[in-house]
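Hydrogens, waters and symmetry mates play no part in the numbers below; they use all other heavy atoms, side chains included. Every chain is numbered from 1, with letters handed out A, B, ... down the list of sequences. Every value quoted in this text rests on a predicted model; they were computed, and no experiment measured them.
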2 protein chains.
Amino acid sequence: MSEATIQTYTRADEAFDCLQTAIVKGELIPGEKIGEVELCSRFNLTRGPLREALGRLESRGLLVRRPHAGVKVVSVSASELMELYRIREVMEGLAARQAAERMTDQEITDLKATLDTHERMIDEAQGQAYYQAEGDYDFHHRIATGSRNTKLAQMLLGDLYYMVRMYRYRLSTSTGRPHRALGEHRRIVEAIAQRDGELAEFLMKRHINAARLNIERKIQEGELTI
Amino acid sequence: MSEATIQTYTRADEAFDCLQTAIVKGELIPGEKIGEVELCSRFNLTRGPLREALGRLESRGLLVRRPHAGVKVVSVSASELMELYRIREVMEGLAARQAAERMTDQEITDLKATLDTHERMIDEAQGQAYYQAEGDYDFHHRIATGSRNTKLAQMLLGDLYYMVRMYRYRLSTSTGRPHRALGEHRRIVEAIAQRDGELAEFLMKRHINAARLNIERKIQEGELTI
DNA sequence: AGCCTGTATATTGTTGACAATACTGTCTTC
DNA sequence: GAAGACAGTATTGTCAACAATATACAGGCT
């Protein structure tokens with residue numbers, strides 16, 4: 001049965017996916033109040049499944065809801081975005097450490113291969129921040145999964161990354177940073193390949209801290225308004 | 001208006017709270033399949049709001065849902081529970097550090113006062129694990145809130161604690177551990193009072209690690225089956 | 001003129017009925 | 001006698017109408 005893995009998708013799941021990507025891609029702008037009927041016609045849904053999806057999104061912190069008053073996309077302030085990076089720092093540090101202990105050799109080989117792909121992507125898609133961001137996302141995704149820590153991966157992939165990506169979509173990566181980030185990625189993978197969990201954790205924390213400082217600097221220089 | 005803060009509660013919120021506490025208190029046992037209509041009659045609800053609540057709970061990882069097949073309470077294995085503690089270790093470490101930097105003097109004073117209350121609780125309610133657990137929860141709750149990191153507090157209080165409490169309800173605290181835990185709490189508060197974030201983080205991580213080892217030992221000794 | 005109050009309206013919350021799907025038991029066949 | 005297929009049933013997913021509430025606007029009062 002090749003179709004055994006085809007899980008039946010319910011309308012609520014569909015609604016959830018649609019809304020989540022719409023929020024991440026910035027089609028629904030933060031702070032904007034959105035009506036239920038408008039969303040229904042927009043995504044061809046009925047209100048039942050939609051409300052279920054809204055509940056899930058609210059629970060994940062992507063929406064805020066006031067009873068009888070409507071829902072709106074969450075708007076994260078600059079300081080809150082920085083706090084998000086602080087959380088990522090410790091959680092992904094843990095993920096890197098556990099990945100070093102638990103990833104299979106095959107997974108590590110694949111991870112190295114993806115880094116090569118990313119390098120080509122950065123060279124080819126010169127300045128196209130979108131693809132660079134996707135590459136970065138891919139890397140962190142693999143580490144989170146490689147940790148074999150179900151809840152940790154769930155929290156990173158299901159919660160934090162969506163919120164971070166929501167902002168990464170609209171801020172261009174600074175020139176030079178992608179190459180530096182790639183170098184940092186390589187060192188982290190090196191540590192994982194050597195099964196040095198402590199080092200992998202340290203390097204990952206420093207990597208995310210660098211990304212945070214990069215954004216912080218941009219905000220202070222006024223290049224970026226959130 | 002003293003009633004300005006009375007947020008209108010919707011039936012879905014009610015359903016969510018009911019189910020969450022029912023799961024945490026063990027009234028709904030893990031792995032057990034539960035029907036929607038049964039839940040409705042049990043909590044005097046209708047299926048609409050209930051389904052919304054189920055969606056939220058699934059999104060938080062307290063329930064697992066298979067389309068057209070029903071929902072069941074998530075059953076966390078022993079190793080998964082240990083992973084939960086690993087996550088707590090890094091996240092609460094961060095919370096303690098930020099709390100040391102940001103809590104007001106008043107909050108610290110209050111925190112010290114609650115520790116005195118906990119001490120009395122432990123002495124009086126000799127062996128009554130329930131109250132001891134509540135005191136412990138209270139302490140960690142205050143630290144998380146004191147971090148002034150909205151998302152961090154949300155993830156700790158809204159996600160992790162419920163899963164941990166779900167198991168703490170059914171496992172008795174070992175004799176001797178409450179007093180030791182209280183001592184550890186005192187040292188953490190001491191570090192926070194001295195605004196020593198680094199120390200607070202270290203002590204909190206060690207505290208949670210000790211709790212993890214305590215449970216791990218019990219499981220290995222067979223005193224505890226999950 | 002500004003503020004408060006009351007009503008109208010539009011939006012959200014809720015309900016119960018209907019449709020689709022997975023499980024269970026029985027019957028048939030090997 | 002056991003295994004597979006079929007149908008019935010019970011449960012979940014979906015829908016559209018109804019009720020409740022917050023916002024907005026208009027009118028009156030201070």
ask   = In Å, rounded to the nearest 0.5 Å, how long is the span from CG of B/Asn214 to CD1 of B/Ile219?
value = 10.0 Å
B/Asp105 and B/Arg195: CA distance, side-chain angles, deciding distance, salt bridge (Lys or Arg N to Asp or Glu O under 4.0 Å) verdict = CA-CA 10 Å; B/Asp105 292 336; B/Arg195 304 296 183 186; 2.9 Å; yes
task = To the nearest Å, give me how far apart CD1 (A/Ile34) and C1' (C/dT11) are.
result = 14 Å
remark   = Letter by letter from the 5' end, nucleotides 16-23 of chain D scores (B base, S sugar-phosphate only, - none; protein heavy atoms under 4.0 Å) -----SSS
Distance in angstrom units between A/Arg51 CZ and D/dG13 C1', rounded = 16 Å
task = Using atom types as modelled and distance alone, determine if a side-chain donor or acceptor of B/Arg102 lies under 3.5 Å from a backbone N or O of B/Ser147.
result = yes
Spatial distance of atom CE (B/Met204) from atom CD1 (B/Ile143) [nearest 0.5 Å] = 4.5 Å
message = Tell me if the NZ atom of A/Lys151 is crowded by more than 12 foreign heavy atoms within 6.0 Å.
response = yes
note = In whole angstroms, the gap separating P of C/dT24 from NZ of B/Lys33 amounts to 9 Å
remark   = B/Leu54 atom CG is separated from D/dT11 atom C1', nearest whole Å, by 13 Å
Result block: side-chain N/O donor-acceptor pairs under 3.5 angstrom for residues 84-93 of chain B, not counting sequence neighbours:
unit_1, atom_1, unit_2, atom_2, d
B/Arg88, NE, B/Glu92, OE2, 2.7
B/Arg88, NH2, B/Glu92, OE2, 2.9
B/Glu92, OE1, B/His140, ND1, 2.7
B/Glu92, OE1, B/Tyr161, OH, 3.0
B/Glu92, OE2, B/Tyr161, OH, 2.9

task = Calculate the interatomic distance between A/Tyr9 atom OH and C/dA22 atom C1'; express it in whole Å.
result = 19 Å
ask   = Taking it one step at a time, do A/His185 and A/Asp136 satisfy side chain to side chain donor-acceptor pair (under 3.5 Å)?
value = CA-CA 9 Å; A/His185 286 182; A/Asp136 189 59; 3.1 Å; yes
task = Measure the distance from CZ on B/Phe43 to C1' on C/dT14 and round it to the nearest whole Å.
result = 19 Å
message = What is the distance, to the nearest angstrom, from the CD atom on A/Glu52 to the P atom on D/dT14?
response = 8 Å
query = Just by modelled atom types, is the A/Arg165 backbone N or O under 3.5 Å from a matching donor or acceptor in the A/Tyr137 side chain?
reply = no
query = For DNA chain D, which residues in residues 10-20 of chain A have a heavy atom at a distance below 4.0 Å?
reply = A/Thr10, A/Arg11, A/Ala12
key: Euclidean distance, A/Phe43 CZ relative to A/Asp17 CG, rounded to 0.5 Å   = 11.0 Å
ask   = If you check every side-chain atom of A/Arg65, which of D/dG13, C/dG13, D/dT12 has the closest atom?
value = C/dG13
task = Using atom CG of B/Leu50 as one end and atom P of C/dT14 as the other, report the distance to the nearest whole Å.
result = 12 Å
